[in-house]
Amino acid sequence: MMKTIMLVDDDPHIVKALTDHIDWPSMGLSIAGTASNGLDALELFHRMHPDVVMTDVYLPGMTGLEITQTLRRDHPHLPIIILSGYDEFENARAAMRWGVNHFLLKPAEVEEIESVLREVLLEQDVRERHERLEQTYKQEVGRVLPYLRKQFLHELLTTRYRADELPKERMDYIGIHMSSQTRAISLQLNRPVFLTRMKERDWQLLRYGAADIIQETVKEQAARMNGQVEIVDYSDQVFVLLLLGDKDHLEECLPFVERMIDQIFTYLKIEVSAGIGRSKSHPCEVIDSYLESREAVEKAEFQGGSRIYHYETSEETEPSVTDYSLLLRQWNEAWADIRPDLAEEVWHHICLLLKEGKCVGIQDVQVVAVSLFDTLMHSWNRLHPMSTPPLAMSDFLREIQSKYALHDLVKWMDRIICDWLEQIRKEMSEKKSNKLIEQVKQYVELHYAEEISFEAIAKGLFVHPKYLSQLFKRVTGENFVSYLNGYRIQRALELLQSGHYMVYEVSEMTGFRNATYFSQVFKMLTGKSPSEVG
């Protein structure tokens, strides 16, 4: 691209000589304009914006040095060449002070002027190239640095650095404060069951909303404290806050952590659990604080709810899963003997211990739950070898993995066990009912030829006649009188078909004391009269 030059001299012969004898095109220059005094020169410069200025020292209205001084204020890198007819030291020193690129004495040779111009243009080209490279570098760094920063913060949580691997220069370049106190806070988004089944896009929108609340809250808090708070987008459900500073800023940060937890639940209906690691003395130890925060947040997941847990309080010793061995043995015995009342009593005891948190972690509760369910499966397979259980073991194991909080897991197990107990009781009740009905039928088989009293049968079975009547109808689908008449007619039909007995004899032999009534019942049930069969 052709550059331009402005010539300033009050001698028109000098201007004409420069215009005619310098090979401007060969140097990539063209004359933007000429001026014969300082004021016109400034006006022309601001109108034409030339790339180079060549001026005499002594001019009407304003000297060339004054022009240089004025232009340097706003254009520090503008190439300015002094072409003077006076060899004065003071002029040369002033020109150097104001950043004149070259000071030439008249009359100067064309080759000397062209050489100076080429040198000036080369310097300008180098400077412009450098500026472009620097601008490009800044733009690229501006784009890459956030990524490098994000990656570096993530590595601090996953890579164990030595102190000498994190020099101050590297930390400064990334924009991380070389602090003497650092601490990690893990924020766990507890994704409810109904959210685990929703479309992934919908969950990501909610997660984005949670991230926005976290960022806005941190931004607001950072302006109020001397330390630095960094957010690490660690995983699909975990954000990590890194507190960096010359002192521990935990007390300042706890209120805004509680606030962001409340806001995320209020606006997005997502519970957040926070685990806080211990303060460390160097950024290379932040990985330890992070691991402590994750251990603390595991207890938050185990207990459930929007709560903040410190690592120190997460180390309480709780009874291990082996403390449940006696209860689990009693559970097995209850199901081996099919004693649902005892099984229910054992479960209530286990349930109470679980709700009180009498386990090391959520994994221990899952072990107890699997042991309980395994006993149920063995009991079912023993009692119903050809039937499908209410819940398959594969479905149980898959579902249990989605229970992140203690109260959710215990509530889910309670529903499974209560449903199972209800079904077993129902089956046992039905078996008992069926046994009673079988006894009634056996009584009929033995005494159908006699006069039968239903109340006497109920009394003999130690049940109320009304209960037995309702039970008989529910199980057989008919009332006792209909069943009794049906059984007697069936036996009467067999006797008549033998050809050995008269109708009145069969009537008496099958318990009918009235032959007419016998004939009516017989015809009603068979469609024929007794004489037609005999």
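- The shortest side-chain heavy-atom distance between M6 and V52 does not fall under the 4.5 Å cut-off.
- A distance-only check finds a donor-acceptor pair linking the side chain of T70 to the backbone of E66 [under 3.5 Å].
- Checked for salt-bridge contact, K280 and D288 miss the test: no charged N lies under 4.0 Å from a carboxylate O.
- Distance alone, capped at 3.5 Å, is enough to place a donor-acceptor pair between the S180 side chain and the D246 backbone.
- Interatomic distance, CG of L243 versus OG of S279, reported as 8.5 Å (0.5 Å rounding).
- Using a cutoff of 4.0 Å between basic side-chain nitrogens and carboxylate oxygens, E285 and R278 are not scored as salt-bridged.
- Proximity of a side-chain donor or acceptor of Q124 to a complementary backbone N or O of D51 within less than 3.5 Å is detected.
- The line from CG of L187 to CD1 of I276 is 9.0 Å long, rounded to the nearest 0.5 Å.
- Remark: D419 CG to D414 CG distance equals 9.0 Å, nearest 0.5 Å.
- The two residues A343 and L421 have their closest heavy-atom pair at CB-CD2, 4.1 Å.
- Here CG of L372 is found 10.5 Å from CD1 of I416. Values are rounded to the nearest 0.5 Å.
- Not one N or O on the side chain of S379 forms a donor-acceptor pair closer than 3.5 Å with the backbone of T375.
- Contact check for I437 versus T476: side-chain heavy atoms found under the 4.5 Å cut-off.
- Ionic pairing of R129 and D125 is present here: one or more N-O contacts between side-chain nitrogen and carboxylate oxygen are shorter than 4.0 angstrom.
- Between the Q228 side chain and the G175 main chain, a donor and an acceptor come within less than 3.5 Å of each other.
- Judged purely by atom type and a 3.5 angstrom limit, W331 has no side-chain atom pairing as donor or acceptor with the backbone of W347.
- Pairs passing the ring pair (Phe, Tyr, Trp, His ring centres under 6.0 Å) check and including a residue from residues 215-241, sequence neighbours excluded, read H154-Y234, Y234-Y290.
- Taking the side chain as every heavy atom from C-beta outward, L29 and T4 never approach each other to under 4.5 Å.
- In this structure a side-chain-to-backbone donor-acceptor pair under 3.5 Å is missing from Q237 to Q188.
- With sequence neighbours excluded, no residue satisfies side-chain hydrogen bond (donor to acceptor under 3.5 Å, both in side chains) with R339.
- Note that SG of C253 is 5.5 Å distant from CD of Q221, once rounded to the nearest 0.5 Å.
- Ion pair E216/K219 not flagged as a salt bridge, since none of the NZ, NE, NH1 or NH2 atoms sits closer than 4.0 Å to an Asp/Glu carboxylate oxygen.
- Rounding to the nearest 0.5 Å places CD of E292 at 12.5 Å from CD1 of I185.
- With hydrogens and angles ignored, the 3.5 Å screen pairs no side-chain donor or acceptor of T182 with any backbone N or O of V286.
- L78 has its side chain within reach of R72: a pair of non-hydrogen atoms, C-beta onward, lies under 4.5 Å apart.
- Partners of F152 under the ring pair (Phe, Tyr, Trp, His ring centres under 6.0 Å) rule, at least two apart in sequence or in another chain, do not exist in this structure.
- Every ring pair (Phe, Tyr, Trp, His ring centres under 6.0 Å) that H75 has, sequence neighbours left out, goes to F45.
- The shortest side-chain heavy-atom distance between E345 and P340 does not fall under the 4.5 Å cut-off.
- You'll find the side chain of I287 stays beyond 4.5 Å of the side chain of T159, heavy atoms only.
- No side-chain heavy atom of Q330 sits under 4.5 Å from any side-chain heavy atom of H349.
- R183 contributes a side-chain N or O that, together with a main-chain N or O of G277, makes up a donor-acceptor pair within less than 3.5 Å.
- Without hydrogens or angle criteria, E43 side chain to L39 main chain gives no donor-acceptor distance under 3.5 Å.
- Between I31 and L7 there is a side-chain heavy-atom pair separated by less than 4.5 Å.
- Salt bridge annotation for R127-E123: absent, with no cationic side-chain nitrogen under 4.0 angstrom from a carboxylate oxygen.
- For the side-chain hydrogen bond (donor to acceptor under 3.5 Å, both in side chains) test, no residue two or more places apart in sequence or in another chain qualifies with W412.
- Contact check on R398 versus D395 returns a salt bridge, with a Lys/Arg side-chain nitrogen under 4.0 Å from an Asp/Glu carboxylate oxygen.
- Identified under the salt bridge (Lys or Arg N to Asp or Glu O under 4.0 Å) test for residues 225-235, with sequence neighbours left out: R149-E230, R207-D233.
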